[in-house]
Every structure is written in structure tokens, then in C-alpha cells.
Amino acid sequence: MLIIDDCIQVSVNFDGHPLFHIRRFHSLLQNRTHLLVLLSNQVVSQNGPKKSRIHCCCPVWKSEHHIRRRGIDLYPLFRYSVRFRPHKNSYSGLESTNMLKRTHNCGQLRLSDVGIQVILSGWVNSYRDHGNLVFIDLRDREGLTQLVFNPEIQKEVHRISRDLRCEWVIAAHGVVRPRGEGLENPKLATGQIEVAIDKIEILNKAKTPPFDIDVFEKVNEELRLTHRYIDLRRPEMQNKLRVRHRVAKIVRDFFDEEGYWEIETPMLGKSTPEGARDFLVPSRLYKGTFYALPQSPQLFKQILMVAGTDKYFQIVRCFRDEDPRADRQAEFTQIDVEMSFVQADDVISVNERLVARIFKEVLDVNLPVPVPRISYKEAMDNYGIDRPDLRFDMKLKDISDIAAACTFKVFTGTIEKGGIVKGLCAPGGGKFSRSDIEKTLTNFIADFGAKGLAWMKVEKGDDGSGLVPKSSISKFFSAEQLEQLVQRFEAKEGDLLLFVADKEATVNKALAPLRVRLGHELGLIRPSQFEFVWVVDFPLFEWNEGEKRYDSLHHPFTAPIPQDIPKLDTDPASICSQAYDMVVNGSEIGGGSVRIHDPAIQAKVFDLLNISRQQAQERFGFFLKALEYGAPPHGGIAFGLDRMVMLLTDTDNIRDVIAFPKTQRGQCLLTEAPSEVDKAQLDELNLRVQKHSHTPSDTQRP
RNA sequence: GGGGCCGUAGCUCAAUUGGUUAGAGCAUCGGACUGUCGAUCCGAAGGUUGAGGGUUCGAGCCCCUUCGGCCUCGCCA
């Protein structure tokens with residue numbers, strides 16, 4: 001055995017076929033602990049270090065142990081011609097000349113292709129080795145194709161195929177042939193055919209992946225995020241990326257056809273501390289000043305209207321530094337739209353056609369246009385929330401009138417204090433046990449601030465006629481009142497009535513999620529059912545009791561309906577805005593409004609929001625100034641692209657529709673962002689990190 | 001900032017409720033096998049039970065601290 005030093009380069013031909021290339025060997029063999037070079041029947045070299053420049057063809061040797069066990073007996077397995085030459089510090093382009101270039105993808109071949117020669121490239125999805133016959137399922141993003149290796153076709157290629165492992169990257173040449181009768185695989189689109197391989201090229205080996213790509217079990221998400229490149233190989237994830245691309249493509253095509261321009265707006269902008277927390281970026285040139293990443297391009301798109309661009313759209317990244325949720329990331333993507341000389345109906349009709357096209361082209365779902373509309377008040381009354389899930393009925397009913405007349409202190413007391421009693425009828429909910437209701441459901445609504453949940457099961461009366469709500473509180477109700485309850489909810493035998501008594505806001509806050517939960521648990525939702533609705537007629541303001549001022553329900557640039565403009569001076573709380581939200585299955589996927597284009601009205605709104613003239617000038621001065629130079633009437637909308645893709649892919653996790661998402665604590669597990677930076681970087685920005693600025697011991701120090 | 005769930009082999013999960021040497025399936029490695037397709041069969045290897053401390057004769061299990069992930073309330077004009 002002879003140690004070969006670092007300056008020998010070996011090129012290997014395999015039966016005269018240059019199936020392997022020098023540079024590829026390098027990457028193939030980097031992870032090896034040992035390399036051996038065979039010449040004749042001798043082991044010529046053994047070498048350990050990873051960084052060796054020696055290249056050789058030894059595709060089956062896994063370890064020193066393996067080689068020792070086989071010893072020199074390995075020789076008959078190898079028939080390489082081996083040529084040495086001095087290392088000239090160059091790979092001389094050998095790697096690119098002979099690579100098998102693919103002719104088809106792995107989801108493409110059908111019976112009609114039988115007989116043709118093809119080259120496929122991809123990842124080894126699985127291997128089934130029968131000793132002589134070897135089957136490889138080769139995977140790329142388009143699908144799987146079965147490759148067959150038979151020693152009778154090409155002995156050496158067959159031998160190499162036995163060493164292939166999952167996730168190795170290969171290219172293979174062969175002939176498409178039909179599978180024998182009864183051997184088709186109906187699970188695969190390409191299951192009618194297979195490719196009999198006579199040439200193969202190993203483009204790269206792979207470490208055993210940290211989790212199986214082809215596995216049905218749910219893998220720990222932390223692991224998936226740290227190895228996102230593995231996770232994204234899974235067909236399910238590739239489909240989500242594909243759908244996301246399709247949506248973006250449809251959006252661009254649609255708006256282009258409709259005469260919209262895609263215009264980019266800055267990522268480094270001005271902080272306007274309203275709404276969510278900003279992500280800040282320090283300025284190097286102006287010490288002590290900061291850019292903010294955009295929460296949305298709201299002001300820029302309105303300025304574009306003043307600039308006469310007329311019809312604008314953008315698929316744009318937005319940033320809000322708030323805690324994430326299952327359907328919320330700090331960094332997310334909007335389909336942002338704005339148009340001039342329009343009223344609310346114009347914006348609505350264009351955009352429902354857009355959404356209809358997306359759902360038609362991606363899912364083949366026909367969405368009825370025009371999409372129905374309900375008012376904010378209707379939504380709050382019937383569903384307790386401004387984004388109602390209309391896939392099932394189960395409307396909330398106010399029973400304050402009945403409750404006021406009963407003798408149940410919790411109900412009457414609440415009403416005396418100005419609260420309400422509202423409830424819902426869960427069809428078939430009578431099957432819930434007392435513990436289901438009084439523990440599980442009561443705890444559930446307690447999270448939303450409700451103090452208790454009253455219930456009644458609707459059963460047949462004792463005399464066998466009529467329906468009577470039964471429960472521990474039914475004794476506080478007269479027979480007539482019980483009858484009224486049954487009628488109000490149109491309850492049937494076996495239903496469950498649930499009530500919450502509190503301030504109206506609290507009642508709605510508790511009952512809305514309870515309704516959705518029951519809808520799921522009672523199986524009231526059909527799979528792949530989509531119910532679209534525009535929620536309209538929002539109030540312009542809501543009263544903020546803590547701050548003693550009005551807040552915008554939408555944002556401060558939303559226009560009131562024209563006939564309510566006089567109320568800005570008299571009765572702001574009752575003003576109706578020109579805002580609209582598109583809601584699908586209880587999820588808000590988009591929202592927008594007609595904007596204020598009159599500087600005088602904008603000023604009045606700022607007054608009501610308790611934003612002083614000076615504050616308004618500091619924050620939005622540039623924008624208010626723009627409005628003074630001939631702003632057209634305009635309005636727009638923004639859709640949440642991530643949420644739309646979630647709906648289209650039936651996903652309840654926003655991270656699954658983002659290629660490189662962050663965790664709930666805002667970390668990227670792949671890159672380990674955020675990270676500390678060099679002192680030099682901080683110095684350049686004139687920044688200093690105060691590590692313990694908030695600990696009492698520090699502040700008390702003299 | 002608050003509440004909840006979780007962390008055991010590479011992965012997914014067990015471990016008779018504090019008791020002997022922490023098990024299984026899949027993956028990995030070795031062997032056999034010419035029609036499989038989540039191949040099969042035989043064999044092997046694989047563990048600081050997230051980390052640190054405590055209680056105990058004895059801790060995967062109980063207590064405290066801490067790290068990480070997920071869900072959620074607040075927050076998200």
C-alpha cells in the first residue's frame with residue numbers, strides 16, 4: 001500500500017465510458033473518511049483527509065472497516081483503466097463536456113413515449129434492490145419515474161445502481177418501455193411506464209437526510225426549518241411553492257390585461273408610528289436616524305395616484321414587528337392595488353374578478369360573481385365578528401329580551417348593567433357531555449374574556465309533545481320563555497343552546513370563536529367548500545375608552561361615505577366608511593377602501609384621531625402636501641398573498657406557504673438570523689448595544 | 001408581558017404512573033433475493049431521555065431553573 005500525496009490527480013474511465021468527471025468526484029468524495037485508488041489488483045493509495053485533491057472512482061466503499069473486510073478481493077469488481085498525471089492545478093473543463101443532459105422531467109413520460117431514448121435527472125427517492133433487478137424511483141419537482149437496472153442490459157451500470165442511496169443526485173439514460181401487465185403503479189402519473197437504464201452518472205452523493213422525504217408522519221417543524229432545503233423537496237411543499245407561483249403569475253397577467261402598472265415602492269422608508277411596531281434600519285450617513293421597513297405601501301400608492309399613474313399594483317413584502325400567529329408572520333406579502341377616479345363598487349368588481357380567476361385557475365372552483373355582501377353590523381349581530389365563516393349557518397341570536405324577564409340572576413344582572421345575553425344553537429350538540437360543556441367549552445370561551453357559559457339541551461317534553469330546553473338553569477325560565485327560546489333558535493331535538501351574558505363586545509368575542517369551533521366539531525363544513533363575502537359599511541371610527549379618543553377602524557386615510565361627511569362635526573361614531581373586506585371561510589384575505597382625497601376632510605379626521613396638526617405634519621406632511629396638488633378620487637385594496645395561498649392549498653400554517661419562514665420568536669432556523677454583528681459595523685452606524693440597560697442593579701449603580 | 005401543550009435512537013412514538021439492562025416501527029449499515037413500487041427476508045449498529053440543579057435507596061417519570069418548538073390572550077391603524 002502506497003500513500004499518494006496531494007499533488008497527484010487521477011482520472012478514471014469506466015469501461016471506456018467517461019461516466020464520471022473529475023470535479024464531480026471531488027464533491028462526491030469530500031465526505032469520505034478514506035479514499036482508495038485501485039490499479040490492477042493492488043491497492044495503490046489510501047488517504048484520509050477530507051481536503052485531499054486526489055480523485056478516484058470508488059463508489060461503493062463506505063469506510064475503512066468495509067474495505068478491510070473486503071481486502072484485495074475487491075479487485076474483480078472493478079475494471080477501471082486508471083491513469084495518473086501530475087496535478088496541474090486545473091480541472092481542464094472535463095466536468096462539463098460529457099454530462100448527461102436531461103431530455104424529459106420525471107413526471108412527463110407516458111405510454112405514448114414507449115420506445116424512445118430519454119435522459120432523466122433528479123434525486124433518488126427510493127430504491128428496491130432485488131439482487132439482480134434494481135428499481136429506482138427518480139424524483140424531480142414534476143414527479144417520480146421508475147428506473148429499472150438489469151444486469152442483462154448493462155452489467156456495470158447495474159452494479160453502480162446497487163450503491164445508489166436516497167437523495168443522491170443522478171442522471172440516467174435509457175429506453176422508455178411499458179410495464180408488464182399487472183405491474184403498473186396507479187399511484188404514479190408515470191406508472192404505466194419505466195425506463196430501462198443503460199448509462200448513469202452520479203452527479204452528487206448525499207448524506208442520509210435528517211428526516212425522510214417520503215414519510216407520512218408529521219415531522220417536527222423545528223427540524224424541517226433548520227433543514228428547509230430537505231423539507232422543500234417534499235412534493236407537498238413543492239406543490240405549495242407551485243401554487244404560490246401560479247397566483248403571482250395570474251395576478252400579474254390579470255392586472256396587466258386590465259391596464260395596471262406594477263410599480264415598486266421603497267423598502268427603506270419613513271417610520272410613521274401608527275398601528276404596528278416598525279422594524280427599524282439605522283442610517284449610516286445620518287447618524288442617529290432610522291429608516292423603517294414598510295408595514296404596507298399605503299402612502300406611496302396613494303401618492304402614485306396623485307402622480308397620475310392611475311392604475312397600480314404590486315406584489316410586495318410588508319413588515320410588522322408584532323408577535324406571529326399560525327396565520328401571521330412579521331414578514332409577509334401583499335397584493336397591493338390602487339386606482340384613480342373610482343368608487344367602492346369599481347374596486348370591488350375588479351378585485352372579485354381577480355379572486356374568481358385565481359380560484360378558477362388554481363382549484364377549478366367557480367366563485368359566484370358578484371360576491372355577496374353583508375354589512376359590518378349584520379356580521380357582528382349574526383356571527384359576532386367582522387370576518388364571518390359562512391360555510392355553515394348557526395347564527396348568533398340576541399335573547400336579551402327573554403333573559404331580562406327570567407329570574408336567572410346572572411342574566412338579569414348583566415342586562416341591568418347594560419350588557420346583553422346572546423346565544424347560539426349547536427345542531428346535534430346535545431351529544432356533548434356536561435363536562436364537555438362546563439369544562440372544555442367554558443374554558444375555551446374564558447380565553448376570550450367571557451366569565452361563563454350557560455347551556456340548555458333541547459329535548460322532548462315530558463308528555464312527549466313539544467320541545468323543551470333542559471338544564472340546571474331552566475328552572476329560572478317560565479314555560480313560555482323556554483318556548484320562546486326554542487322558537488328564536490328554531491331549535492330541534494338534540495340541539496344544544498349556549499348563552500353568554502356580558503358586555504356586547506365580550507359576548508361577541510367569545511361566541512364568534514365558539515361558533516367556529518362547534519362548526520368544525522359538529523361536521524357542518526364540507527371539505528373544499530369556499531364561501532366568499534364582502535363585508536361592507538364599516539364604521540369609520542371606534543371609540544378608544546382608554547385613550548379617550550377615536551381610532552380608525554381601517555386606517556386614517558379611509559373616506560367616509562359622502563352623506564356622512566357632515567357628521568364629522570356632530571356624530572363621528574355613527575359615520576360609515578367606504579371600506580370593504582373580502583372574507584373567505586372566516587379568514588380576511590383582503591381589505592381596502594376609497595381614500596380621502598380632500599385635504600380638509602383629512603385634517604378633520606386627524607383631529608378626531610387626536611393627531612395634532614404638528615404631529616400630522618411630522619408623520620405624514622409629505623403626503624398631505626401631495627394631496628394639495630390635485631389628488632384624484634382614488635381607492636384600492638390589499639390582499640394577503642400568504643393567506644390566499646393557505647386557502648388554496650388547504651393549509652392552516654402560514655410557514656408552509658413561505659419558502660423561508662421564521663419561527664414564532666422571529667428566528668430563521670436555517671440562517672440563524674437575527675444575529676449579533678461586529679463592533680465595527682455598529683461603530684459605523686454610531687450604535688452601541690446596551691446589554692443590561694433594564695436591570696435594576698445597573699440603574700442603581702452610582 | 002400572560003396562559004397552555006410539547007422535547008426519549010437519525011425520524012415517528014412507547015416505557016405498566018418512582019423500580020432490574022429505556023423498547024418498537026421506519027431510516028442507517030451488512031448479507032440474501034430477477035418484477036418491485038411504503039419491496040421482502042436474515043443480521044448488526046444506534047441513547048448524556050433538550051440542558052443544569054434538587055428530592056429519593058432509586059428519576060425518562062416528582063420539584064426548581066433554563067433553552068428550544070408549537071398553539072393562544074394581549075398586540076397586529
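Hydrogens, waters and symmetry mates are skipped; everything else that's a heavy atom, side chains included, is used. Labels below follow one simple rule: chain letters A, B, ... track the order of the sequence lines, proteins then strands, and each chain is numbered from 1.
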Report yes or no: do [X] and [Y] form a side-chain donor-acceptor pair below 3.5 Å?
X	Y	answer
A:N653	A:E221	yes
A:Q578	A:T558	no
A:Q664	A:D323	no

ask   = Has the side chain of A:R665 got a donor or acceptor atom sitting under 3.5 Å from an opposite partner on the base of B:rC70?
value = no
ask   = Is there a donor and acceptor pair closer than 3.5 Å between the side chain of A:R320 and the base of B:rC76?
value = no
Report the nucleotide, chosen from [options], that has the shortest atom-to-atom distance to any side-chain atom of [X].
X	options	value
A:Q664	B:rA39, B:rC29, B:rC70	B:rC70
A:R179	B:rC29, B:rC37, B:rA77	B:rC37
A:N150	B:rC75, B:rA77, B:rU34	B:rU34
A:Q667	B:rG68, B:rA77, B:rU36	B:rG68
A:A276	B:rC76, B:rC33, B:rG69	B:rC76
A:R162	B:rU34, B:rG69, B:rC33	B:rC33
A:T208	B:rA27, B:rA77, B:rG69	B:rA27
A:L183	B:rC37, B:rC71, B:rG68	B:rC37

inquiry  = Ring-plane angle category for A:Y550 and A:F541, please: parallel below 30°, perpendicular beyond 60°, tilted otherwise.
reply    =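 Geometry flag for A:F541 against A:Y550: tilted rings.
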task = Classify the ring geometry between A:H130 and A:F135 as parallel (under 30°), tilted (30 to 60°) or perpendicular (over 60°).
result =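 Judged by the thresholds at 30° and 60°, the geometry between A:H130 and A:F135 is perpendicular.
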Does some side-chain heavy atom of [Y] sit less than 4.5 Å from a side-chain heavy atom of [X]?
X	Y	value
A:I596	A:F557	no
A:E331	A:R317	yes
A:K604	A:F606	no

Can you check the [X] [atom1] to [N] [atom2] distance for me, whole Å?
X	N	atom1	atom2	result
A:Q298	B:rA77	CD	C1'	10 Å
A:I230	B:rA27	CD1	C1'	14 Å
A:L299	B:rA77	CG	P	14 Å
A:I596	B:rA77	CD1	P	17 Å
A:I193	B:rU36	CD1	C1'	15 Å
A:H227	B:rG69	NE2	P	15 Å
A:D278	B:rC75	CG	P	18 Å
A:N125	B:rU36	CG	C1'	14 Å

Within the 4.0 Å heavy-atom criterion, would you say [X] contacts the bases, only the backbone, or no part of the nucleic acid?
X	result
A:R517	nothing
A:E542	nothing
A:S296	base

Is any side-chain nitrogen or oxygen of [X] closer than 4.0 Å to OP1 or OP2 of [N]?
X	N	answer
A:K509	B:rG74	yes
A:N185	B:rC37	no
A:R277	B:rA77	no
A:R128	B:rU36	no
A:Y127	B:rA27	no
A:R224	B:rG69	no

[atom1] gap between [N] and [M], integer Å:
N	M	atom1	result
B:rU49	B:rA9	C1'	10 Å
B:rG69	B:rU28	P	30 Å
B:rG58	B:rU17	C1'	16 Å
B:rU40	B:rU21	P	35 Å
B:rU48	B:rG60	C1'	12 Å
B:rC5	B:rA27	C1'	28 Å
B:rA51	B:rA59	P	15 Å
B:rC73	B:rG10	P	36 Å

Watson-Crick or G-U wobble partner for [N], using a 3.5 Å limit on both distances?
N	result
B:rG7	B:rC67
B:rA45	none
B:rA59	none

ask   = Between A:G275 and A:E152, which has a closest nucleotide on RNA chain B that is more 5'?
value = A:E152
message = If you assign each of A:E184 and A:F448 to its closest nucleotide in RNA chain B, which residue comes earlier from the 5' end?
response = A:E184
Main-chain N/O of A:P556 paired with A:Q602 side-chain donor or acceptor, under 3.5 Å =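 Yes, because the side chain of A:Q602 sits within donor-acceptor range (under 3.5 Å) of the backbone of A:P556.
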query = So, A:H554 and B:rA77: ring centres less than 5.5 Å apart, planes less than 30° off, yes or no?
reply = no
message = Would you say NZ of A:K509 has more than 12 non-hydrogen atoms from neighbouring residues, nucleotides or ligands within 6.0 angstrom?
response = no
query = Could you give the distance from CD1 (A:I160) to CZ (A:R162), rounded to the nearest 0.5 Å?
reply =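 Taking CD1 in A:I160 and CZ in A:R162, the distance rounds to 13.0 Å.
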ask   = Using the purine O4'-C1'-N9-C4 or pyrimidine O4'-C1'-N1-C2 torsion, is B:rU17 syn (within 90° of 0) or anti?
value = syn
inquiry  = I'd like to compare against my own output: the B/S/- annotation of nucleotides 1-13 of chain B with a strict under-4.0 Å heavy-atom distance to protein.
reply    = B--------SSS-
